Amino acid sequence: MAVQSVTTVIGDKTLIKDITFQLPKGTVMALVGHNGAGKSTLLKTIMGIEKKNHGKIIIQDTYDQDDNFLAFKQRISYLPEEPLLLTELTVMQHFQLYGMAYGLEEDELLDKVDRYVKGFELTAKMDEYPDALSKGMRQKVQTICALLPDTPVLLIDEPFMGLDVFAMDYLISLIHEKKQDGTSILLTTHQLDRVKHLASQYMLLTDGMLINQGSIQDFDTIQRGTNQ
Amino acid sequence: MKKQSHLQAFRLIRKNRRKRKIDTYKLALSVVLDKTTAFYLLILVVYGVMGFFIANDFINDYYEQFLLWEEIAKQNIGMLFTILPLGYLFQSFKQPGVILTSSEYQLSLLPYSLKKIWLLSSLEKWLKQLIIFMIMGGLVIVLTPLSFEVVFSYIAIAIFIHLTMTIPQWKLFGTRWYVKLGWILLLLLVNGINFTFHVPNVSILIPLLLIISNILMIPKLFDKVEWARITEMSDFQIWSMWFVSKVSEVDFKPPRKLSIFRNLTRRKKPFQYEEKSIHHRLWAIYLRQHIQDLFKIIGALFLLVFVFSWLDEWVFHIVIAVAIIIYFSIARSFFIGRFEADLVQVLPWNLSGFKDSYFKWVIFGALILFIPVGIYFITHASYWLPIQLLYLIITIWYLYHITINRAIMFLNKQLKSKLGFEVIGYILLFGWMFSWKFKLVLLFCIVIPLISKKWYVLQPIYNH
């Protein structure tokens, strides 16, 4: 995925300022920064939820957000920070909705659901509505939803929020798997130590600007940057 | 430091809430009330006071009438016992009766008993209602020739029902819709029997039943209580201030209601793995969230068409065309809105599939709108009726396609649209406007969409 000179203005505030970066195939990039640095806004801009005022976002050198938004969207999966689940759909119906939206065959969907649901210990909750689940369980449901499609790009906003330790470990293993399958993953997090062994690249945002980027090995630099 | 009593904590919350509400009202008043408006308002108040005394004279003129009403009131006093509880049963769909907002609920996180807070809230409610009833009763006694005895009896019964329906309403609020409906139907049946046969002992039976049900319910008062829903509804009840809403132009919306069919086993079953059933549910969820707006819009258009259906033919035909344009413009907004809300916003969309599933919802709304058109057709029936109907169906079908296709292009960030198709849509509407006078226009215009290539499967132009 290529993000070129993207600027996002909401109201009279410029939340994302001229950001450019490349997310190569099979790479996990950690997007770090203080609260309000623009991390979530950048993900939402890539998703098209927030409209960018300037710049280009292209997936696989072909799918431009401006030229063919529907085809572009088909190639991104997004895990939001707060679950966006519908109160009128059960857990299984959410999985079906995702499966259908991303064109998964029913057998493939059922196999994946079976595996992820066992991994996240949600087997007994398939016919429950989200409001009957705890916050952590809702987060697990939303996580599974985002992991169901095999899209070239996966955007994850604070992946470990509300998850227990076992679920976090399981999610990390799944992200590793996706990475090996060639998915480009951009994730925001405050838990830098958790992503240290997961991400190969990082980007540091401050006030909507890209301050620093490079290899995750320069972890100390990130810490100094975020502690400033 | 000495711990505050329940009453002190309760009063502290109420005092601060009152202060905040007064401040909000003051702020709202300062927006709408300048010196000139205040002057005219004063005149209005003086006029109102004068009207009060004039009304007193007016009421004395109808002295005989009041005596007759009093006689009827005496004879039917027993009916109050069966009619008044109905109001509380209907209210139980929306309100728990006893207000327990999130603030009061938070007291339970401190060393306060929620049960005692509930009791204090109930006492406050009863006291308020008692004062209201007494003021109302006092006014009726002072202003009308109705006897103290009758007015007092009515107020005493109303207070009794108010007290004894508090707990049933509270319990019913937490039950499923069919339980509430069952009680309503039962009471309606009792009312029907009482009204028809004038059952003599109903005035003893109902109060007795109410007292017994209260005694039975008290031990289970806090069993299976959905506090989240109660606090949500109470917060809405307290803070939805009509005047402030009008001044600030901010709508206070009630907490989102969940479908009454949500807990049916059938609704919880996984979908048939096909777009149709999933899309259908997504439309149902979205449109239900906007049901109030839909009612207002369709209701207004219905009234517009209905009123003008009794005027001149040419006006009626123009109004129909205008109503169609407005209706489809709103249908387009709702279609786009579906993809800018909730979870659907972050998903990729097969918009053609959504377009197909949206059609029946649009047609359903249009059918309500076109009831007056049906009446018009019946009252103005001619040999042209089938052609007129066919013409209208084709126009609506055609406009649906071009309107939603335009919405799809918008959602796909494609700004080019096929102008030619839209022009055909407007020609069809023009044709309709003049068809009352020149019926042949109908035949001529019907041909246009038919000769425009594959008009009936018009698809938006985008690639996957």
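A note on names: the letters A, B, ... follow the listed sequences, proteins ahead of strands, and every chain is numbered from 1. Since this is a predicted model, take the numbers as computed values, not measurements.
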Which value, rounded to the nearest 0.5 Å, describes the distance between [X] atom [atom1] and [Y] atom [atom2]?
X       : Y       : atom1 : atom2 : value
K268(B) : D127(A) : NZ    : CG    : 7.0 Å
R229(B) : D131(A) : CZ    : CG    : 11.5 Å
F271(B) : F95(A)  : CZ    : CZ    : 13.0 Å
K73(A)  : Q345(B) : NZ    : CD    : 6.5 Å

_Interface residue of largest heavy-atom contact number with chain A, from V346(B), I278(B), L411(B), under 4.5 Å_ =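 Ranked by contacts with chain A, first place is V346(B).
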Note, [X] side chain near [Y] side chain (heavy atom, < 4.5 Å):
X       : Y       : value
Y98(A)  : L343(B) : yes
L70(A)  : N412(B) : yes
K269(B) : M92(A)  : no
L347(B) : Y102(A) : yes

With a 6.0 Å cut-off (strictly less than), is the heavy-atom count around [atom1] of [X], excluding the residue itself, greater than 12?
X       : atom1 : value
F93(B)  : CZ    : yes
F364(B) : CZ    : no
E108(A) : CD    : yes
H54(A)  : NE2   : no
E177(A) : CD    : yes
E105(A) : CD    : no

*Pick from H94(A), E106(A), M47(A): which one has the most heavy-atom pairs with chain B under 4.5 Å?*
E106(A)
Structural part of [X] lying under 4.5 Å from a heavy atom of chain B:
X       : value
Q65(A)  : both
L79(A)  : neither
I76(A)  : neither
M100(A) : both

Side chains of residues 133-140 of chain A: which donor-acceptor partners sit under 3.5 Å, not counting sequence neighbours?
{"unit_1": "S134(A)", "atom_1": "OG", "unit_2": "M137(A)", "atom_2": "N", "d": "3.2"}
{"unit_1": "R138(A)", "atom_1": "NH1", "unit_2": "P130(A)", "atom_2": "O", "d": "3.4"}
{"unit_1": "R138(A)", "atom_1": "NH1", "unit_2": "L133(A)", "atom_2": "O", "d": "2.9"}
{"unit_1": "K140(A)", "atom_1": "NZ", "unit_2": "F120(A)", "atom_2": "O", "d": "3.2"}
{"unit_1": "K140(A)", "atom_1": "NZ", "unit_2": "D164(A)", "atom_2": "OD2", "d": "3.3"}

*For D342(B) and L86(A), run side chain to side chain contact (heavy atoms under 4.5 Å, CB included): C-alpha distance rounded to whole Å, both residues' side-chain angles, the deciding distance at 0.1 Å, then the answer.*
CA-CA 7 Å; D342(B) 56 52; L86(A) 297 162; 3.4 Å; yes
Testing the basics here: between [X] and [Y], what is the closest heavy-atom pair and its distance to 0.1 Å?
X       : Y       : result
G99(A)  : Y273(B) : C-OH, 2.9 Å
L89(A)  : R281(B) : CD2-CG, 3.6 Å
P348(B) : Q74(A)  : CB-OE1, 3.5 Å

